[in-house]
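Excluded from the calculations below are hydrogen atoms, water molecules and symmetry mates; all remaining heavy atoms, backbone and side chain alike, are included.
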Amino acid sequence: MQKIGILIETQDDLIKPTNFGLITLARGESRELYALVMNGSGARYQEQLQTYGIQKIIDVLSPQGAFAWNPVIWAKA
C-alpha cells in the first residue's frame, strides 16, 4: 500500500479549495491518504477531508502549539 501525505492549507479556519483537487488526484487503488494539518485543528476538518478520501488526519504541532502560516517552517516540520 502506497502512503501519501498531503499538506492541508487553511485560511480563515477553512480548507483552501485547491486542497480538494490535490486529494482527488492522489486517490487511487492501493493508496492510503494522510492529511497533515499544521494548525492543530484536524478534528475540525475530519468529516470534510474523509468525504474526499483522506483515511487519517495528523495534526502537526510544535512544543509551543500550532504553527503560524510560514511555508519555510511548515516544510521543516
Exercise. Could you pull out all residues at least two apart from E29 that satisfy side chain to side chain contact (heavy atoms under 4.5 Å, CB included)?
Key: none

Quiz prompt | Closest approach of A35 to L49 (non-hydrogen atoms, all atoms of both residues) | solution = CB-CD1, 3.9 Å

Practice problem: For D13, check salt bridge (Lys or Arg N to Asp or Glu O under 4.0 Å) against everything at least two apart and list the hits. | Solution: R44

Exercise. Quick one: list whatever passes side chain to side chain donor-acceptor pair (under 3.5 Å) with Y52, sequence neighbours left out.
Key: none

Quiz item: Any side-chain heavy atom of Q48 sitting closer than 4.5 Å to one from I15?
Solution: yes

Quiz prompt | CG on L36 to CD1 on I8, rounded to 0.5 Å | solution = 7.5 Å

Exercise. Please name all residues satisfying side chain to side chain donor-acceptor pair (under 3.5 Å) with R27, sequence neighbours left out, ordered by chain then number.
Key: none

Exercise. Could you grab the distance from atom CZ of F20 to atom CG of L25, nearest 0.5 Å is fine?
Key: 14.0 Å

Quiz prompt | Distance-minimising heavy-atom pair for L7 and N19 | solution = O-OD1, 3.3 Å

Self-check item: pair Y45-V37: side-chain heavy atoms closer than 4.5 Å
Solution: yes

Exercise. Could you list the residues that satisfy side chain to side chain contact (heavy atoms under 4.5 Å, CB included) with Q46, not counting sequence neighbours?
Key: Q50, I57

Quiz item: Between R31 (side chain) and K3 (backbone), is there a donor-acceptor pair under 3.5 Å?
Solution: no

Practice problem: Kindly compute the distance separating CD1 (I23) from CD1 (I6), expressed to the nearest 0.5 Å. | Solution: 5.0 Å

Quiz item: Closest heavy-atom contact between D59 and G42?
Solution: OD1-N, 2.7 Å

Self-check item: Qualifying salt bridge (Lys or Arg N to Asp or Glu O under 4.0 Å) pairs with a residue from residues 46-58, counting only residues at least two apart or across chains
Solution: none

Quiz item: Rounded to the nearest 0.5 Å, how far apart are OG of S30 and CE of M1?
Solution: 5.5 Å

Practice problem: Please list, chain by chain and in numerical order, all residues satisfying side chain to side chain donor-acceptor pair (under 3.5 Å) with Q11, sequence neighbours excluded. | Solution: none

